[in-house]
Amino acid sequence: MPEFCDVALPVPLDMAFTYRIDNGSLPVVGGRVLVPFRQQRLSGIVVGLHDRAPTVKAKNVLSVLDAEPVLDPQLMKLGTWIADYYLAPIGEVFRTMLPLGAEFKRLIGYTITDAGRTALYEAGMSGSSARSRRTPEDQLAEVRVLDHLNARDEMISAESLRAATQATKKTLDGMVRKKWIQREDLSGARDATRMLKIAVLNGIEDGKKLNGNQRTLLDTLAAAGGTIPIKTLLSLEVPRSTLATLVRRNLVEIREERAAFAISSVAPRKSFEFQLNDAQRKALQNVQKRVNTRKFAGVLLHGVTGSGKTAVYLAAMRSVLGAGRSAILLVPEIGLTPAVAADLHQVFGKEVAILHSALSNAERAEQWHRIRCGEARVVVGTRSAVFAPVTDLALVIVDEEHDASYKQEETPRYHGRDVAVMRAKMADAVVVLGSATPSLESYYNATKAKYELVELRDRVEDRPLPEVEIIDMRQEFQETGHEQVISRRLGQEIKERLERHEQAMVLLNRRGYSPVVLCRTCGKSLECRNCAIALTHHKRARKMECHYCGFIAPVPEHCVHCGSQYVYFLGTGSEKLEELLHGMFPQARIGRLDRDTVRGRNDFERVLGALHHGELDLLVGTQMIAKGHDIHGITLVGVVGADMSLGMPDFRAAERTFQLLTQVAGRAGRGASPGKVVLQTFFPDHYAVQYAAQHDFSGFYDKELGFRSWMHYPPYSALANMLVRSVKLEEALRWSGLLGKWLTETRHEGIRVLGPAAAPILRLKQDYRYHFVLKSASRQKLNTMLRAMLAYAAEEKIPRTQLIVDVDALWLM
Ligand SMILES: [Zn+2]
Ligand SMILES: [Zn+2]
């Protein structure tokens, strides 16, 4: 029996920690253990078992949480790859891969007791209890704790409870002693192997009479064959005490059983008919052929908007399921609406697990277990669904593979698409990347024959792509003499659509009412307190909001700098656009989709549903309206200020603009009537605008690849953004200076270094930020250099949490 185990813990350190195995049960590689770490108890993943004693005395494992691995060898390997490739701490990678968040870190939690509720009630009635000698501050903290727990009525982790209420450990301990709150240790309770409590009928009679409830319960138990999960029994309409009485009378016994991980064999559903056209069928056959070889292959499915990529995905997944194997479909964050989920259930029945961001931790864990035990072999979800614990993976599909929501913008900063490719490689599976506007990286890989390019060149039913008209807004200004939000042309086209009872959509990729508030006396604008960013005016909500950190300020009546009353609200956001259109077309029914009107998935669905049923004439919104919806009535798409992004200091600006313009244009003319797009721009000659207007994909990609190659940007080089941050300006400056000096002194060959420079957003969420952009033709060299840089930073005592390493960064802001 090995004496020690190495454990990856969810802490920002690039290492595993060694613990002595106590003479309890034996941990397994890929399973979790609970261990002491500094002042806490943490649960981590065992990465190795051995007999080599570490140089410092190892502490004991507190308990073994899993008898079987929760991460199989393939997922362990994938996690190790992510940690290495993205320079992320391995324990944090594993935590991300397991949706058992509740079980992984929240180990100590609190719930409120009935006595606590009474105390809370009394505190509310009397204000204070005079007989106690506690300070008012203590009492207030206690009330805050009770209030917090009472409002939620579930277990709250010690960590979040203390953060929310500012209560000290001493206060909480005191409350436990008074039995107002209950302290619970989740360590073993939320085992991934899940213990199932079942009631077993003992089959004896004690001769005493049974009441109605007791009779019901025993009958149900007998009808189920003598055993039944307690959860099911308690859902019957009998008091909970009934079961307890039966147990006391020895008529029923309660046992705990392990809910097994065994793969249950689910019979494939009968075949489902897809209506595919020739191009779709050919694409499907191509994918199927490759799946059958059981070797890794990459396919880039480039299909124009409205060409029916989804039907190809679903048919391919159906055939994988029919062969008894598994498939994963990744979709962008906004893609999983309830309607989509309903479609998926239609095709896959109970064999599909859907993972979306609206799931609670418990629901997520439940889905994870369903996948792990083989009940669901088809998994559809956002980014992290790439870690779904399916077995015999045959196919991974990444829909809208260019979408930025696949990149996680916190540690580990992985890209879901790239991890999907690696996972498919490790599983000898096929990966399909689908998009109407592929990323430069994927397109480049296809030209280099790393992926096979499969194209769907036409829309279904031979519908034409929409005609695009470019409006030069500089000329519009000259001719009308003032700044226009809606050009005369676009106004005219909207009017015609309304008269013909057709629908239109207008995109303005900026939410709020006015993006800038400026003082005409001193010239200063109103900035966020935490960020070097102008606050946006939200008229209806009567507030100024920072779109980066969420800071909110009142709407100023006077300049906050000089007191002048000449404050002006400049520019237009989606809220103001909606108001403008109301003014222009008072009879039109207008809906708006942006992050202010869409709070949950249902809001989104509701507005789209209204559009679908013809209850709206006009839809206004941010890029949210550009993504993947199939509304047949829309014959006009207006694009207002979509070229704002072209002015950003970012090498991906042209690519993003081209993608956004193409995607939003793709919403027009998906039904029987042809579509039209009116594209307003201040850069009518920019190639991103021109190629998008002509639907010329290869034209754009060739031009953009030329630019990237010339500038040594991805896909021609590996790129990383290294950000140094601190709430203190001097510290951020000193640290970035130190690293800059080290970079010049060590002179890493084959690496281009830009910086240190102030980040485009110098201050964000109270941090001052300086960054380096590092590029190299060799990914290995870049990786080696970044490691050396982190090691040097550690020597210089720069905290690891103040350095952000973003490999393959999408944003350099
Ligand atoms: Zn002023
Ligand atoms: Zn802010």
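Everything numeric here is computed off the predicted structure, so don't read it as measured data. Remember, it's 1-based here, ligands and their atoms both numbered in the order they're listed. What's counted below: heavy atoms across the whole structure, side chains too, no hydrogens, waters or symmetry copies.
- Looking at heavy atoms from C-beta onward, Pro760 lies in side-chain contact with His771 at the 4.5 angstrom threshold.
- Vertex the Zn ion (ligand 2); arms to Cys531 atom SG and Cys528 atom SG; angle 110° (nearest 10°).
- Between the side chains of Glu142 and Thr171, no donor-acceptor pair is found at a separation under 3.5 Å.
- Aromatic pair Tyr513/His538: ring centres not closer than 6.0 Å.
- Angle SG(Cys559) to the Zn ion (ligand 1) to SG(Cys519), rounded to 10°: 110°.
- Between Phe707 and Tyr687, the ring center distance fails the sub-6.0 Å criterion.
- Between Glu731 and Tyr768, the side chains place no donor N or O within less than 3.5 Å of an acceptor N or O (distance only, hydrogens not considered).
- For a distance bound of 2.8 Å, the N, O or S atoms of His561 include none lying that close to the Zn ion (ligand 1).
- If you put the vertex on the Zn ion (ligand 1), SG of Cys562 and SG of Cys522 sit 110° apart, to the nearest 10°.
- Distance check for Cys546 against the Zn ion (ligand 2): an N/O/S atom falls below 2.8 Å.
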